[in-house]
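Supplied in structure tokens, the structure appears directly below.
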Amino acid sequence: MAEIISLLGSTGSIGRQTLDICREQGIKVAALTAHSSIDLLERQAREFRPRLAVVYEMEPALELNRRLAGEGIEVAYGLDGLRRAASLAESDTVVTAVVGMAGLWPTMAAIESGKRVALANKETLVCAGELVMDAARRYGAEIIPVDSEHSAIFQCLQGSRDRGEIRRLILTCSGGPFFGLRREEAAQKTRADALRHPNWSMGEKITIDCATLMNKGLEFIEAIRLFRVSPGQVDVVIHRQSIIHSMVEFRDGAVLAQMGTPDMRLPIRYALTYPNRERSELPALDLLSCPPLTFAPPDLEAFPCLRLAMDCARVGGTSCAVLNGANEAAVELFRREEISFGRIPDLVEEALGQISVKSNPSMEDILEADGQARAAVTRSAGGGS
Ligand code: NDP
Ligand code: MG
């Protein structure tokens, strides 16, 4: 069970809910970090009294430093600041709730310091999963998933000591706000439409990824990395109610599922209290009043991002870094309303077609692939939306 944490990305959706669990469980906080949201970071710092508060951007960091003068809270900035937050001696656990590939360096710093990592930042595992998991083994750093599907699988695997017992992982998927639409219909949807998720309230990037189903694609790759299974052992099923968070089918045919009302505080709490389960005030799942549980195959024609991610999982090498980098760049353009929804999968597919894949990549290869993917999207998007 975590006693003192460093929380990277404390001002985001996962970060704020992690602090709810810290309040609930009396967990102390040694470091808080944000990109630039210093008003909220200041309030969090005054409440939790961390030793270190980090703002990625320098100007807002200087302003926060002025505001917290005399409070005994050190303020740092930039990547060095994030790395320090991830490796503070007093933290036993690092929660990685930064969004995007930017989470890679602090996650590696936490691993190299041998911390337990409560990992929300899935992009890191998608880009550099093999390097991250190898480093975790080398440094003896435990990785506990926060993503609800992977937490569900992790929970179902408690008590199973042999990975060979796993026949199949079944990732459930809400289907997002555009479930049931054809590709041409979804292509016309606006930013506001995409930000309306039926079951979860999350940061903007992941909410858009849920609308394209890229989120499920990233989770497909994340599952392969985390649980060391092959792409052929992972299935995705549409489950609109988000009550079953994912399942494991074992070789004897038994299928275990983890169920609950959709609330990220459950997987966050489990990641922080693991291997224990602690009391929560959340309303219990009422099976008699919940809607009928339904299951359907995903529509890979209407939602090509999921298909592209599954293909990359099979190809391996730097292809997942290209997929992720292109997606981050395309989603950013869509958030700024510079491209249409339908262009997101096109731009990712174009980037994948343009950049050659390196197998057994080093960290440099991955960073290069990420940079090439972002540049390819900028180039193609310039050609019209
Ligand atoms: P948010 O956008 O809500 O929060 C992101 C956090 O990261 C903020 O604290 C933000 O700071 C900080 N941040 C953003 N960019 C940078 C950067 N370049 N350098 C340093 N810090 C940065 O995201 P979510 O909380 O929704 O998601 C976080 C991660 O968790 C993602 O990888 C997502 O896929 C994953 N996840 C999220 C779930 C959810 O329910 N939200 C569910 C499962 C996984 P600032 O506020 O200053 O911008
Ligand atoms: Mg998820």
Side-chain angles (χ1 to χ4, degrees), residues 12-14 17 97 99 120 122-123 126 145-156 168-183 185-187 189-223 226 234-248 255-268 270 282-283 285-287 289-310 327 331 334 341 344-345:
S13 159
I14 294 286
Q17 295 180 85
V99 60
K122 64 188 84 182
E123 293 89 350
V126 170
V146 167
D147 210 348
S148 60
E149 295 76 2
H150 305 75
S151 174
I153 292 168
F154 184 72
Q155 293 179 56
C156 293
R168 208 160 53 111
L169 304 180
I170 305 164
L171 286 178
T172 53
C173 172
S174 74
F178 306 147
F179 172 74
L181 299 186
R182 291 195 311 274
R183 184 170 180 172
E185 293 167 333
K189 294 293 178 182
T190 63
R191 178 179 187 276
D193 297 329
L195 288 176
R196 234 174 273 127
H197 191 279
N199 302 341
W200 300 96
S201 162
M202 308 174 285
E204 284 194 5
K205 193 263 178 181
I206 183 173
T207 306
I208 294 166
D209 285 345
C210 286
T212 59
L213 294 204
M214 181 59 95
N215 183 52
K216 208 51 53 179
L218 301 178
E219 292 183 353
F220 184 91
I221 299 167
E222 186 185 6
L226 274 173
V234 186
D235 279 346
V236 173
V237 292
I238 302 292
H239 167 55
R240 294 290 285 159
Q241 301 77 29
S242 297
I243 298 288
I244 297 184
H245 300 305
S246 279
M247 298 173 249
V248 180
V255 178
L256 297 193
Q258 187 256 319
M259 302 167 69
T261 35
D263 189 314
M264 279 310 294
R265 282 168 296 184
L266 195 145
I268 296 170
Y270 189 66
L282 290 179
L285 173 65
D286 180 358
L287 284 173
S289 70
C290 77
L293 305 185
T294 58
F295 305 96
D299 183 343
L300 300 182
E301 293 297 314
F303 297 96
C305 284
L306 177 56
R307 172 179 53 78
L308 293 172
M310 288 170 154
N327 183 60
V331 168
F334 176 68
F341 186 78
I344 298 175

Inset, instruction - Report yes or no: does E204 contribute a side-chain atom to a donor-acceptor pair with the main-chain N or O of L195 at less than 3.5 Å? - result: no
Legend entry - With sequence neighbours excluded, residues passing ring pair (Phe, Tyr, Trp, His ring centres under 6.0 Å) with F179: none
Inset, instruction - Locate the shortest heavy-atom distance separating K189 from F178; write the atom from each residue and the value. - result: CB-CZ, 3.3 Å
Inset, instruction - For F303, enumerate each residue passing the ring pair (Phe, Tyr, Trp, His ring centres under 6.0 Å) test, keeping only those at least two apart in sequence or located in another chain. - result: none
Inset, instruction - Taking K216 for its side chain and V237 for its backbone only, find out whether a donor-acceptor pair lies under 3.5 Å. - result: no
Inset, instruction - Please check if the side chain of D209 supplies one atom and the backbone of I206 the other of a donor-acceptor pair under 3.5 Å. - result: no
Legend entry - Smallest separation among heavy atoms of S242 and S174, with atom names: OG-CB, 3.5 Å
Inset, instruction - Over all heavy atoms of both residues, which pair between A152 and S246 is shortest? Give the atoms and the distance, please. - result: CB-N, 3.7 Å
Legend entry - Nearest heavy atoms of A97 and I14, plus distance in Å: CB-CG2, 3.5 Å
Inset, instruction - Indicate the atoms forming the closest heavy-atom contact of H150 with E219, along with that distance. - result: NE2-O, 2.9 Å
Legend entry - Main-chain N/O of G176 paired to R240 side chain as donor or acceptor, under 3.5 Å: yes
Inset, instruction - Any chance you could measure T212, atom OG1, to N327, atom CG, to the nearest 0.5 Å? - result: 6.0 Å
Legend entry - Note, S148 side chain near M264 side chain (heavy atom, < 4.5 Å): yes
Inset, instruction - Please check if the side chain of S151 supplies one atom and the backbone of D147 the other of a donor-acceptor pair under 3.5 Å. - result: no
Legend entry - Spacing of K122 atom NZ and L218 atom CG [to the nearest 0.5 Å]: 6.5 Å
Inset, instruction - For the residue pair L171 and I153, establish whether any side-chain heavy-atom pair is separated by less than 4.5 Å. - result: yes
Legend entry - Interatomic distance, S201 atom OG to R196 atom CZ [nearest 0.5 angstrom]: 14.0 Å
Legend entry - Non-hydrogen side-chain atoms of L226 and F154 separated by less than 4.5 Å: no
Inset, instruction - Using a 4.5 Å cut-off on heavy atoms from C-beta on, say whether the side chain of L282 contacts that of T261. - result: no
Inset, instruction - Could you grab the distance from atom CD1 of I208 to atom CG of N215, nearest 0.5 Å is fine? - result: 11.5 Å
Inset, instruction - Report yes if the side chains of M310 and V236 come closer than 4.5 Å at any heavy-atom pair, otherwise no. - result: yes
Inset, instruction - Please state whether the rings of F295 and H239 are parallel, tilted or perpendicular, taking 30° and 60° as the class boundaries. - result: parallel
Inset, instruction - May I ask you to check whether over 12 heavy atoms, not counting those of R183, lie within 6.0 Å of atom CZ? - result: yes
Legend entry - N/O donor-acceptor pair under 3.5 Å between D263 side chain and R265 backbone: yes
Legend entry - Stepwise side-chain contact (heavy atoms from CB on, under 4.5 Å) check, I344 with M214: CA-CA 10 Å; I344 298 175; M214 181 59 95; over 6 Å; no
Inset, instruction - For residues C173 and L213, determine if any side-chain heavy atom of one lies less than 4.5 Å from a side-chain heavy atom of the other. - result: yes
Legend entry - Rounded distance (nearest 0.5 Å) linking atom CD1 of I243 with atom CG of L285: 5.5 Å
Inset, instruction - Would you please test E149 and E222 for side-chain contact (heavy atoms from CB on, under 4.5 Å) and show each step? - result: CA-CA 10 Å; E149 295 76 2; E222 186 185 6; over 6 Å; no
Inset, instruction - Measure from the side-chain N and O atoms of H245 to the backbone N and O of G260, and report whether any donor-acceptor pair falls under 3.5 Å. - result: yes
Inset, instruction - Supply the atom-to-atom distance T207 OG1 to M202 CE, rounded to the nearest 0.5 angstrom. - result: 4.0 Å
Legend entry - Smallest separation among heavy atoms of L293 and Q241, with atom names: CA-OE1, 3.5 Å
Inset, instruction - Side-chain contact test, heavy atoms from C-beta onward, threshold under 4.5 Å: evaluate it for L266 versus Q155 and give yes or no. - result: yes
